[in-house]
Engineer: 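First the structure, then my questions, so here it is.
Keep in mind that the numbers below use all heavy atoms, side chains included, and drop hydrogens, waters and symmetry copies. Sequence lines set the chain letters: A, B, ... in the order given, protein chains first and strands last, and positions in each chain run from 1.
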Amino acid sequence: MDKFLTFTIAGLSSAAIYAIAASGLVVTYTTSGIFNFAHGAFGMMAAFTYWQVNVAWGVPTIPAVILVVFIIAPLFGAVVERVIMRGIEGASDVVKIVVTVSLMVALLGLAQVIWPQNESRPVPAFFEGRFVEVLGVRVSWSRLLALVVAGLVAGGLRLLFTRTRLGISMRAVVDDRRLLQLNGGRPGRTAMLSWGLGAGLAAVSGVLYATEQTLSAVTLTLLVVNTYAVAVVGRLRSLPGAFLGAVILGLAQSYVTGYINPDLTVGPIALGNLAAALPAIMLFTVLLLQPEARLRSHSVGRPRAPVVVPSQTTAVLGGVALVLALAGIGALLAPADLILVTKGAGFALVTLSLVPLTGYAGQISLAQMSFVGIGAVAMATWGANGSPVAVAASVAVCAVIGAVVALPALRLSGIYLALATAAFALFCTAMFFNQQEIIPSGSVQVPPLSLGPFTADTDYRQLVLLAVLFALIGNLLVWLRRSAWGRRLTAMKDSPVACATLGLNLTSTKVGVFALSAAIAGAGGALAGRTFTADSFSLPASLPVTMLAVVGGIGSIAGAFIGGLLLGAIPIASTVFAANAIGVFRFVAIPVRDILSFTPGLMGISLGREPDGAAPQIAVGYRAVGRSVPALVVSVAGAVALWLAARTGVVTKWGFAAALLVFVVAAVPLLPLVLSPARPEDTAEPPRRLACGLWLALATLVAVAIPWADRIASNGLRVVLMVVAAALSARVGIGVLGVTPEQLRRPVPLSPDLVGVDRPMLRADAVEATRRMGLSEDDFEAEVAALASSTNGAPVGPVTVPR
Amino acid sequence: MSGALLELRGVRAGYGSIEVLHGVDLVVPPSSVVALLGPNGAGKTTTLSVACGLLPPTSGTVLVAGRNVVGVAPELLAQRGVATIPEGRGIFPNLTVRENLQMATFAGVDLRRVEEVAYGRFPRLAERRSQVAGTLSGGEQQMLALARGLAVDPAVLLLDELSMGLAPLVVEELYGIVAQIARSGTSILVVEQFARTVLGVADVAAIMVNGVVRSVGEPATIEAELSSAYLGG
Ligand SMILES: Nc1ncnc2c1ncn2[C@@H]1O[C@H](COP(=O)(O)OP(=O)(O)O)[C@@H](O)[C@H]1O
Ligand SMILES: [Mg+2]
């Protein structure tokens, strides 16, 4: 009985923490329409900041709590809303998810830079050493504190949302944002407040959690999965539902810890990690129990930049070119670099798996590396001799598991698939990849494919194999996209409601595309031919894949390849720069590799500015060059100038190559925009043409000046780095120019005071105006009659009423 | 400068690359009701969106009391005396009647006054003050919307298809209220597709076809022209 009570109280106190976190999540989601995957990361940052303030700087508890929970965290949330989230309002679900996931990854990286993991940071519990007896069980004050705070939060939120104008307007925004504006309310301000509030609640839960457990950036960040598993009980919208969910999860986890023997096994799976898998189990159960979502016809979002589907001929030629290029580069590489590039090509295959799912169908998965892992483990188990049959079996397993994972979430809408896949990734890690029986000593060796006389037993052959695979699957996808099924996918992405009324079965189509995507990712695992650590299948490893695939421009095969390269380039760059550091001021030196650890996050966040990724923009730029004479002239002149400089020995051969690459990838496609004449309608937010032009020139010059040959020993690596430099220059160039598609352009609102409407005008003003004009009713009617007769029938100008 | 409270001059506007309004000129003189009529898709709602600041015009000017307000945010215009009741029901369906009225206070009137005016004019709303607005009947919802236009005491009131989906009797009642608002001095721009009732209260009527104002005149004259406009004459 005592044991039961002890675990009940422990369960309730973690339930309190989940409830606080979940209410923050629900508040921001309902009032801003953006599901904040970085919610756990907000709490994590707050917990570390609290440690910094309270423990490292010795500020007493109460001021430290006030500073962190009531000041820093809400400010941070508000700034995030203003700077990042406002830009993605009205964007597609995919963009919204990727941006917040990126924020999460970036914050995680940032925290690991500021507070390196090699040190343990205990956060003292509140009221250390104080206990009360409850029914004969000793309960610490800090546990009770969590319960009290949860109660206060519940009461406070209820008051806010029903009793204050601010809170009511936060609900009004959800109903009809424009109508709130027409009422004179400011949705932007409301959104900032709701993000501030959400971040504050995240901070409360983060700090409370940190006082009970050890302070770990990853654990706290991933707590978001527990949080939303809890919030899903209330359909992500209801606070009482979220509180109920919190109690269920808190108690369940506590009882599992208390009553299930960790050595117990089911088949090869030990139950020691069951508590960690519970959120996922709970999430899937709740999703299954939910009635199917009603389709809601949401307003037409921003039209996407149209992605041109290449013809099959182009796709075949592109595939051949890719294989030849990779085979050529691979031959130049030193062995160590070859391994890295091969890994990059492997990633490209995984990002490719997102093209049908995300690019064509508008769904998102945060568990692609889990499917890679399943494919890899299956291949290692069944295909020790590298037989293609085992590959087929592994791929089929992934497809089936993919379908099973997707089914419950896909009955519901958009965001739930992302939630479910992230939970699935955590589940796999706990119950599958971290099991000794399944992946002994935490690493798995995938046997190389053996196809008749060909065995992919060297890195070079592996690279060629991956290139061929990418080309084949890419072609398959182009073919699918052009088929009737592909058109159905696009139709579904554009308007689920219209599809449903046409009688298309949405769920089977969605499940099919998810299974296809899981199968491609599984193939990426089964054919990787290398050793994986169990870590590489975890949720934190999957997130960058999805982010960079979307950054690359997920609508296109080429975009997927760019994404894969970016993903591969980051580990490459961090090995190159292992010893370098960038000094910031005199006393902070941030190692370059740490910066690289959160670049993927930053790149994802930058997506808020152009939701369709880099590749389509560059492509559009090229098409425009042909139509702009100045751009054409400058492009050719620049290329010739570079070539002359190389011929006369002014620049080195490698400098020339690098500069040419930067010029071709970054400068040329942007030139038409940079050189276009200013248009009158640009005045609201004119593109920064000069700055962008200067940046492009600078980037090209820097590419010339870098001593490529002296600093980097391997030819192949040099090529890879140049490509990365070029791609980054292009991205920065687009950012500097600041041109966004028409729909994104937001004119800076004018103040009414400036234009002269400097006070509210009331009915009285209207009456007064009438009196001043000295018009009586009769005069007025005569006036109108005169006007009408003078312009009878013909289009007329304004009816001006003379003084 | 003309004495108009609201004036559109050569307004062009559209959605994305599609232009919907091709140079609209429209004047709403003080203390009068202007009816903007036209077939479905003519651009009437778009015209109102431009006038209330929701949709920035690509060219042309919107003058409020003679000042160009292009670029001023809609919420700021609303706070300065331009009240808009948009197409559909201008209410928040998940808020209660009272909470809906509370949102009207953003325009700078205090809640007591808003409630006084709203319940005074529409006693039925008083009975339902804590009912969720989405569960009101269509007519009651439109009354709630109109109550805001009444209570915030605006200089300019923009109304879009007040009659949409309502029984003729209810429409008549609502337009009775519109006429009262107009008599008290507010300038009103009413958009309607079907014109009978609104022409009774309007001082001036305008016909819009394909994104331009085709003719302006006395309601009676305009009424005669209407059928040809609707049938694409
Ligand atoms: N949000 C929108 N996006 C794109 N086109 C729109 C949008 N709203 C209206 N339109 C188009 O603008 C034109 C005018 O619409 P609207 O102003 O609503 O007409 P009315 O109110 O006169 O019926 C129509 O052709 C319509 O298709
Ligand atoms: Mg309309």
Engineer: Between A:Leu180 and B:Phe106, is there a side-chain heavy-atom distance shorter than 4.5 Å?
Structural biologist: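 Yes; the side chains approach each other to less than 4.5 Å.
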
Engineer: So which residue, B:Gly108, B:Ala83, B:Gly90, ends up with the most heavy-atom pairs under 4.5 Å with chain A?
Structural biologist: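 So the answer, after comparing B:Gly108, B:Ala83, B:Gly90, is B:Gly90.
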
Engineer: A:Arg171 and B:Asn94: side-chain hydrogen bond (donor to acceptor under 3.5 Å, both in side chains), yes or no, with the steps?
Structural biologist: CA-CA 8 Å; A:Arg171 287 162 52 212; B:Asn94 290 311; over 6 Å; no

Engineer: Please identify each residue that fulfils side chain to side chain donor-acceptor pair (under 3.5 Å) with A:Thr30, with sequence neighbours left out.
Structural biologist: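 Side chain to side chain donor-acceptor pair (under 3.5 Å) check on A:Thr30 returns nothing, list empty.
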
Engineer: Does some side-chain heavy atom of A:Arg186 sit less than 4.5 Å from a side-chain heavy atom of B:Leu76?
Structural biologist: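 Answer yes - side chains close enough.
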
Engineer: Within the 4.5 Å heavy-atom criterion, are A:Arg178 and B:Pro86 side-chain neighbours or not?
Structural biologist: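 Counting from C-beta outward, A:Arg178 and B:Pro86 never come under 4.5 Å.
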
Engineer: Are more than 12 heavy atoms from other residues, nucleotides or ligands located less than 6.0 Å from atom CZ of B:Arg98?
Structural biologist: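 No, not enclosed.
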
Engineer: Side chain, backbone, both or neither: which part of B:Thr105 has a non-hydrogen atom closer than 4.5 Å to chain A?
Structural biologist: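 Both parts, heavy atoms under 4.5 Å.
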
Engineer: Who are the side-chain contact (heavy atoms from CB on, under 4.5 Å) partners of A:Arg82, not counting sequence neighbours?
Structural biologist: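 So A:Arg82 forms a side-chain contact (heavy atoms from CB on, under 4.5 Å) with A:Arg86, A:Met192.
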
Engineer: Taking the side chain as every heavy atom from C-beta outward, state whether B:Met103 and A:Asp175 have any pair of such atoms under 4.5 Å apart.
Structural biologist: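 A side-chain contact under 4.5 Å is absent here.
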
Engineer: What are the two closest heavy atoms between B:Arg148 and A:Leu179, and how far apart are they?
Structural biologist: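 Heavy atoms of B:Arg148 and A:Leu179 come nearest at NH2-CD1, 3.8 Å.
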
Engineer: Of the options A:Asn183, A:Val174, A:Ile168, which is the one that meets B:Phe92 in a side chain to side chain contact (heavy atoms under 4.5 Å, CB included)?
Structural biologist: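 That would be A:Asn183; it is the only one of A:Asn183, A:Val174, A:Ile168 passing the side chain to side chain contact (heavy atoms under 4.5 Å, CB included) with B:Phe92.
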
Engineer: Please classify the contact between B:Ile85 and chain A as side chain, backbone, both or neither, with a heavy-atom cut-off of under 4.5 Å.
Structural biologist: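 Contact with chain A: none, neither part.
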
Engineer: Looking at B:Ala78 and A:Gln181, what are the two nearest heavy atoms and their distance?
Structural biologist: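 The answer is CB-O, 3.8 Å.
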
